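Just follow the structure's listing: the first ligand is 1, and inside any ligand the first atom is 1. The structure displayed is predicted, hence computed values, not measured ones.
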Amino acid sequence: MQAWVIGNWKQNPATTKDVDALLDTLLTAVADDNTSNVCQLMVAPSCIHLASVSARLQNTSILTAAQDISALSDSSGAYTGDCSAQQVVDAGATWTILGHSERRQYHQESHETLLDKLSHAFTQGLGVVYCIGETQTQYDNKQTFSVLDDQLAVIKDLLIKSKEQAPELVQRLAERLIIAYEPVWAIGTGKVPTVMEVEATHQHIKETVASFDTTLPAMMVLYGGSVNTDNADSFAASPMIDGALVGGASLKADSFLAIAHAFEQAKNKETL
Ligand code: PEP
């Protein structure tokens, strides 16, 4: 199976000049190797840089994603500060991240909000990287699976709603949904769960989503949270980990590509 390695640039870089410099090094390095044959690379720049980054990546193997879309309309409207799924598509992106813990934490994204966002994304043909994960306290209290079940219920509800109101969305969800398991306590902290813990959690996620609809294909589940050049090999070696969502280490082309190489090599071995 092809691994996915996705860079979440968050609110970085601060200037267009620095975005261009990051893209220059990324494109030069990708042109020099064939990582993208086995590893699907994707980057998620900030909304303001989405169109220019998408334009530069248009004829390359690297995909572009938004970091979020509006819950209020999939197209246009009087929603100051929002950016819709249609606008994201128009800017050249083909995917969006949704439900990132920083959106849940700083923008109080609820179940209903995320249900609307997922629905808008699939309506406009965007693929979705849906982020889920527990906080440190929830992890300490052994509530990880129940927290993830609550967050995954958005998928279940979207399936129920779509079957009644928009059956074409079920097919889009089946084809274009990726789950990113990101323990909140591991994001940007340098702390990571053990590979065994991630494996057990990914198995739970895959089984839970499969239980929503037996016709869904096996769900792709990425790990995210302090993935770096030192630990990427160990995550990549697990057949339960289909790729990585990378924050800090995606802001340098060499570390981002080293992580992609780790997944490329490990997934090559799996297919031998
Ligand atoms: C993220 O924010 O999605 C993330 C995984 O960040 P980091 O790699 O910096 O922990």
Side-chain angles (χ1 to χ4, degrees), residues 3-14 18-19 22 26 39-47 49-50 53 62-69 93 95-109 114 117-118 121 127-136 138-139 144 147-148 151-152 177-195 197-199 201-202 205 220-236 238 240-263:
W4 285 59
V5 175
I6 303 171
N8 175 14
W9 291 358
K10 311 193 187 197
Q11 197 175 285
N12 299 295
D18 289 344
V19 170
L22 175 56
L26 191 58
C39 205
Q40 177 61 63
L41 298 178
M42 180 153 76
V43 294
S46 74
C47 187
H49 297 129
L50 195 58
V53 171
I62 307 174
L63 301 173
T64 319
Q67 297 174 14
D68 185 43
I69 55 169
W95 287 75
T96 184
I97 295 172
L98 289 178
H100 191 281
S101 62
E102 287 151 14
R103 301 288 317 171
R104 292 181 193 264
Q105 181 182 355
Y106 302 125
H107 299 270
Q108 288 78 44
E109 290 195 341
L114 286 165
K117 289 188 178 193
L118 271 129
V128 174
V129 180
Y130 180 59
C131 302
I132 57 175
E134 81 287 358
T135 63
Q136 180 75 65
Q138 291 162 336
Y139 172 79
T144 299
V147 169
L148 299 184
Q151 295 171 338
L152 288 171
L177 174 67
I178 293 176
I179 308 285
Y181 168 54
E182 299 205 300
V184 180
W185 53 271
I187 294 181
T189 60
K191 291 196 283 184
V192 288
T194 65
V195 173
E197 285 177 306
V198 177
E199 283 179 330
T201 307
H202 281 205
I205 293 167
M220 185 171 285
V221 185
L222 315 184
Y223 169 73
S226 294
V227 177
N228 58 35
T229 50
D230 294 331
N231 61 27
D233 284 337
S234 60
F235 291 119
S238 167
M240 289 301 286
I241 302 176
D242 301 316
L245 180 53
V246 187
S250 71
L251 293 172
K252 293 237 162 30
D254 56 354
S255 49
F256 184 55
L257 288 178
I259 293 166
H261 271 294
F263 276 90

> For atom 10 (O) of ligand 1, which of the options G188, S250, A249, A44 provides the nearest non-hydrogen atom?
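Minimum heavy-atom distance to atom 10 (O) of ligand 1 goes to G188.
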> Any N/O of T189 closer than 3.5 Å to an N/O of ligand 1?
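T189 vs ligand 1: no N/O contact under 3.5 Å.
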> Looking at side-chain heavy atoms only, is the closest gap between L177 and L118 below 4.5 Å?
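Of all side-chain heavy-atom pairs linking L118 with L177, at least one is under 4.5 Å.
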> Name the closest protein heavy atom to atom 5 (C) of ligand 1, giving the residue it belongs to and the distance to 0.1 Å.
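Protein heavy atom at minimum distance: E182 OE2, 3.0 Å.
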> Run the numbers for me: atoms of ligand 1, each under 4.0 Å from some heavy atom of G225, listed by number.
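Here the atoms of ligand 1 in question are 5 (C), 10 (O).
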> Identify, by atom number and element, the atoms of ligand 1 in contact range of S226, meaning under 4.0 Å from any of its heavy atoms.
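Selected atoms, number and element: 7 (P), 8 (O), 10 (O).
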> Taking side chain to side chain contact (heavy atoms under 4.5 Å, CB included) as the criterion, tell me which of L63, I6, L257 meets it with L41.
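Going through L63, I6, L257 one by one, the side chain to side chain contact (heavy atoms under 4.5 Å, CB included) with L41 is satisfied by L257 alone.
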> Side chain or backbone of I187 under 4.0 Å from ligand 1, or both, or neither, by non-hydrogen atoms?
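It is both parts that get close, each with some atom under 4.0 Å.
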> Sorted by first residue and then second, give each side chain to side chain donor-acceptor pair (under 3.5 Å) pair with at least one member in residues 241-252; sequence neighbours left out.
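Those involving residues 241-252 are K206-D242.
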> Among protein heavy atoms, which sits nearest to atom 9 (O) of ligand 1, and what does the distance come to when rounded to 0.1 Å?
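I find the closest protein heavy atom is G248 N, 2.9 Å.
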> With heavy-atom distances below 4.5 Å as the criterion, would you say the side chains of L114 and Q151 are in contact?
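Side-chain contact under 4.5 Å: no.
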> Between G247 and ligand 1, is there a nitrogen or oxygen pair with a distance under 3.5 Å?
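Yes.
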> Check each atom of ligand 1 against the heavy atoms of H100 and keep those under 4.0 Å away; list them by number with element.
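With H100 as reference, the close atoms of ligand 1 come out as 1 (C), 2 (O), 3 (O).
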> Does any part of the side chain of E182, heavy atoms only, come nearer than 4.5 Å to the side chain of H100, both counted from C-beta?
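They are in contact (side-chain heavy atoms under 4.5 Å apart), so the answer is yes.
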> Once side chain to side chain donor-acceptor pair (under 3.5 Å) is applied, do any residues pair with E109, and if so which ones, sequence neighbours excluded?
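In terms of side chain to side chain donor-acceptor pair (under 3.5 Å), with neighbours along the sequence ignored, E109 is linked to R103, K117.
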> Considering only heavy atoms of K10, which atoms of ligand 1 have at least one such atom less than 4.0 Å away?
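That gives atoms 1 (C), 2 (O), 6 (O) of ligand 1.
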> Which of the numbered atoms in ligand 1 are under 4.0 angstrom from any heavy atom belonging to A186?
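By the 4.0 Å cutoff, the relevant atoms are 10 (O).
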> For Y223 and H202, take the angle between the two ring planes, folded into 0 to 90°, and tell me which bin it lands in: parallel under 30, tilted 30 to 60, perpendicular over 60.
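Because their plane-to-plane angle lies in the 30° to 60° range, the rings of Y223 and H202 count as tilted.
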> Mark yes when over 12 heavy atoms from residues, nucleotides or ligands other than Q136 sit less than 6.0 Å from its CD; otherwise mark no.
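It does: Q136 CD has more than 12 such atoms within range.
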